[in-house]
Each structure stands twice: as C-alpha cells, then as structure tokens.
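Below is one structure, written out as structure tokens; comments come after it.
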Amino acid sequence: MGFHLFFIAKAVAHIPPFILGTFRYIAAGLLLLLWCALKKEKLFNLEQLKHASVTGIMLLFIGNGAVIWVEKTLPSSLVGVLIASQAIWLVLLDKANWKINFTSRNTIIGLLIGFAGVVLLFFESVSGVVSNAGGAASVISFLILLVGMLSWSGGSIYSKKHSSGSTTVNSAWQMLIAGLVFIPASFINNEWAGFDWQTVPAESWFATLYLVVFGSLAAYSAYVWLLSVRPVTQVSTHVYVNPVVAVLLGVLFAGEHMSWLQVVGLGVILASVLLINLSKYRKQKPVNESINRVKPEGKMMLAGTGKQAVCTDC
C-alpha cells in the first residue's frame, strides 16, 4: 500500500483525482471481467451485483477516492500514517465482535493509544491553520480522509458478511461500478474542462498503469479474496507497513519531510495496532492448542470386522 500511495501522488500530480479514479477502475474492472469470461465464470447474478455495488462504492469510490483526493494537498508519507489507524476503526465498527474486542485489555489500551497518535497528527494540522493559509486545506483533507477510512472499514465488514460467489467476479464488478461512479463525480468537480491528456507526462501515465495492474488487479483482488477467508480485523494488518513504506518513499524520492511530532504520531499509531494484533494472537493460540488436545486422531474397532476405524471427531 505504501508503494500505491507513492504512485497515486505521482499520477494525481497531473491527472485530476476523479478522472484518475475513472481511468484506473474502469480499466481494471473491464480487464478482470474479460479474464472471468475467458475462465467461463458466471458474471451476472443480481444479488452478487447488488452487494458488489455497495462494496465497490464504499471501498473504492469513497474510501480510495478520499485517498486520491487528499494526495493533492497532503504528502503521501502523512497519508500513509493516517491510513495506519484504519485497524482501529475496524475494531470499533466490527459490532459482531465487540464482546471479544472490548474485553481485551490490550485491545482497549491499543485503541486509546491509537487515538492519541491521531490527535498528535491532527494537532499539527490545526496549528497550521494559524501559521499559514494552507493549513485549512490540510484540516479539510484530514477530515475527508477520516470519512474515507470509515467507509473503507465499513465496506470491508459489509463485504465479509454479504459477498457471495466468485471473489474474482466480485472484485471485477466492484472496480467497474466504482469507476462508473467516478464519472459523474469528475463532471460535478468540473475536471474535464481543464484536462488535456496530451499534456500529462509519461511518469503519470506509468503511475496510472502501475495502479491498474498492481494496485487494482493484484493487490485489491487479493484483499477481496482475503476478506472471504480470514477475519476482517486480521486482513487489516496490511496497513501496519503503510506508514513505513510511504515515509521512506516520500522522503527518499519525493523530497518530503516529516516533523518530529509526526514521527512520534507514527510510532504511537504503530504501537496501538501492534497491541490490538497481539491480543488477538494470544487469544487464538490457546484456542488452537485446546482444539489440538480435544481432537486427537482416535482409533476404534469397526463392529464385526476386526478392523480399525479412524475417528477424527473423538
């Protein structure tokens, strides 16, 4: 994800955000649908299309759309740090597992520390309002990104509960539908009026191609598949590496700078998600051990045969 943030910043430097979303997701969605058709998968199912529409809009149009939008005003390193708190929102929104999450001391402490990290990051943006004219735009971008993170977290939980059928087909429809929703948004934002594709440099087109192939076809499809086979809070652990990668790329290749306060905020957020993940690991380990003790491979005689039968439920 850290690499994706870097390439989003490169692409959105010369391509308006909603037009970028249109190009990226329509291209990726059509390519993946073509692949599904070649594999003779069932493409049209009304129930699947309905859930794919909701998930695609929440995850890609609102969630990722917010990321694309704020990269016009915020450095990719700071965006990566803010996205790292996504694991916190997943715990808060995962109502079905509240009883498990909120009876864990490490989870509660992790949540509190995570909010402290977000406050540290937000404090500097608020201070910027007083010191320079660009501060207000930073605060607005922060709030937009917060909405995007909440939407991504909610969409992930929705996808976990309601998605059905082929995950590849689900991914394809989610991307295509999100791309189509980006079209009216780009017109409402009046992006096409001043956009000339011939003036876009090669590096921005290369960044867009990277986002289509590696960001959407590879990474997003893998994310949707993981949501179908693993707990949603466990899948969210990919955000732990986002700030580190984004900071390194931003500092090394984009000339970005992070203040000490933001570095502290980064450390605080990473510490919080580590605590949350540690509590889940500790709970899963004894459960797995107890299952192994309770369900050994037993042996019993088949009546009247004199032969042994394997009992896996003993």
Side-chain angles (χ1 to χ4, degrees), residues 1-4 25 28-29 31-33 35-45 47-60 63-64 83-84 86-101 104 107 149-178 213-242 273-274 276-292 294-295 312-313:
M1 183 66 176
F3 286 101
H4 303 339
Y25 290 117
L31 287 171
L32 200 55
L33 276 179
W35 172 255
C36 293
L38 292 174
K39 291 178 63 181
K40 297 183 179 179
E41 295 195 49
K42 185 177 181 180
L43 300 181
F44 300 99
N45 179 286
E47 190 72 11
Q48 187 180 33
L49 279 171
K50 181 180 73 173
H51 294 313
S53 298
V54 175
T55 305
I57 290 173
M58 292 184 71
L59 288 177
L60 300 176
N64 198 260
I83 291 177
Q86 186 185 103
I88 300 170
W89 303 119
L90 278 168
V91 172
L92 290 174
L93 295 176
D94 192 11
K95 186 176 180 180
N97 290 310
W98 275 0
K99 186 175 181 180
I100 297 173
N101 293 332
S104 166
T107 298
M149 286 189 296
L150 290 171
S151 181
W152 182 280
S153 300
S156 297
I157 295 170
Y158 179 90
S159 177
K160 178 69 177 177
K161 292 181 178 179
H162 298 287
S163 291
S164 59
S166 166
T167 56
T168 310
V169 175
N170 277 331
S171 300
W173 281 120
Q174 288 168 23
M175 289 187 284
L176 182 58
I177 290 167
V213 176
F214 296 101
S216 297
L217 293 177
Y220 183 73
S221 296
Y223 182 80
V224 172
W225 175 77
L226 282 170
L227 281 175
S228 69
V229 297
R230 304 302 300 169
V232 66
T233 47
Q234 195 173 83
V235 178
S236 72
T237 55
H238 75 282
V239 301
Y240 301 167
V241 299
N242 288 352
V273 292
L274 176 62
I276 294 170
N277 194 49
L278 183 62
S279 67
K280 292 181 180 297
Y281 171 76
R282 285 177 174 174
K283 285 189 174 184
Q284 289 174 354
K285 187 175 180 180
V287 170
N288 292 336
E289 290 176 349
S290 64
I291 290 175
N292 291 334
V294 171
K295 296 181 64 177
T312 58
D313 295 323

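If you read the sequence from its start, that first residue is 1, and numbering goes on from there.
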Review point. Nearest heavy-atom pair of N170 and G165: which atoms, and what distance?
Key: ND2-O, 4.2 Å
Point to revise | Residues S156, Y223; criterion side-chain contact (heavy atoms from CB on, under 4.5 Å); working and verdict | key: CA-CA 9 Å; S156 297; Y223 182 80; 2.6 Å; yes
Practice item. Could you list the residues that satisfy ring pair (Phe, Tyr, Trp, His ring centres under 6.0 Å) with Y220, not counting sequence neighbours? Key: none
If you look only at distance, which donor and acceptor atoms sit under 3.5 Å apart when one is on a side chain in residues 37-44 and the other is two or more places apart or in another chain?
{"unit_1": "E41", "atom_1": "OE1", "unit_2": "S166", "atom_2": "OG", "d": "2.5"}

Check your understanding: When rounded to the nearest 0.5 angstrom, what is the spacing between CG in L176 and OG in S171?
Key -> 12.5 Å
Review point. Nearest heavy-atom pair of M175 and Y25: which atoms, and what distance?
Key: O-CB, 3.1 Å
**Study point:** For S164, side-chain contact (heavy atoms from CB on, under 4.5 Å) partners two or more places apart
**Key:** none
Study note, to complete from the structure: Closest heavy-atom pair, L93 versus S153, reported as atoms and distance to 0.1 Å, is CD1-CB, 3.7 Å
Study note, to complete from the structure: In this structure, CG of L226 is separated from NZ of K160 (nearest 0.5 Å) by 9.5 Å
Review point. Measuring from S163:OG to W173:CH2, what's the distance to the nearest 0.5 Å?
Key: 15.0 Å
Review point. Taking atom CH2 of W89 and atom OG of S151, what is their separation to the nearest 0.5 Å?
Key: 13.5 Å
Study note, to complete from the structure: Between the CG atom in L49 and the CD1 atom in I177, the distance rounded to the nearest 0.5 Å is 6.0 Å
Point to revise | Donor-acceptor pair, side chain of T55 and main chain of A52, under 3.5 angstrom | key: no
Check your understanding: What heavy-atom pair brings W152 and L60 nearest, and what distance separates the two atoms?
Key -> CZ3-CD2, 4.3 Å
Point to revise | Inter-residue atom distance L59.CG - S159.OG, 0.5 Å rounding | key: 6.5 Å
Practice item. Locate the shortest heavy-atom distance separating G154 from M58; write the atom from each residue and the value. Key: C-CE, 3.6 Å
**Study point:** Closest non-hydrogen atom pair, A28 against L217
**Key:** O-CD2, 3.4 Å
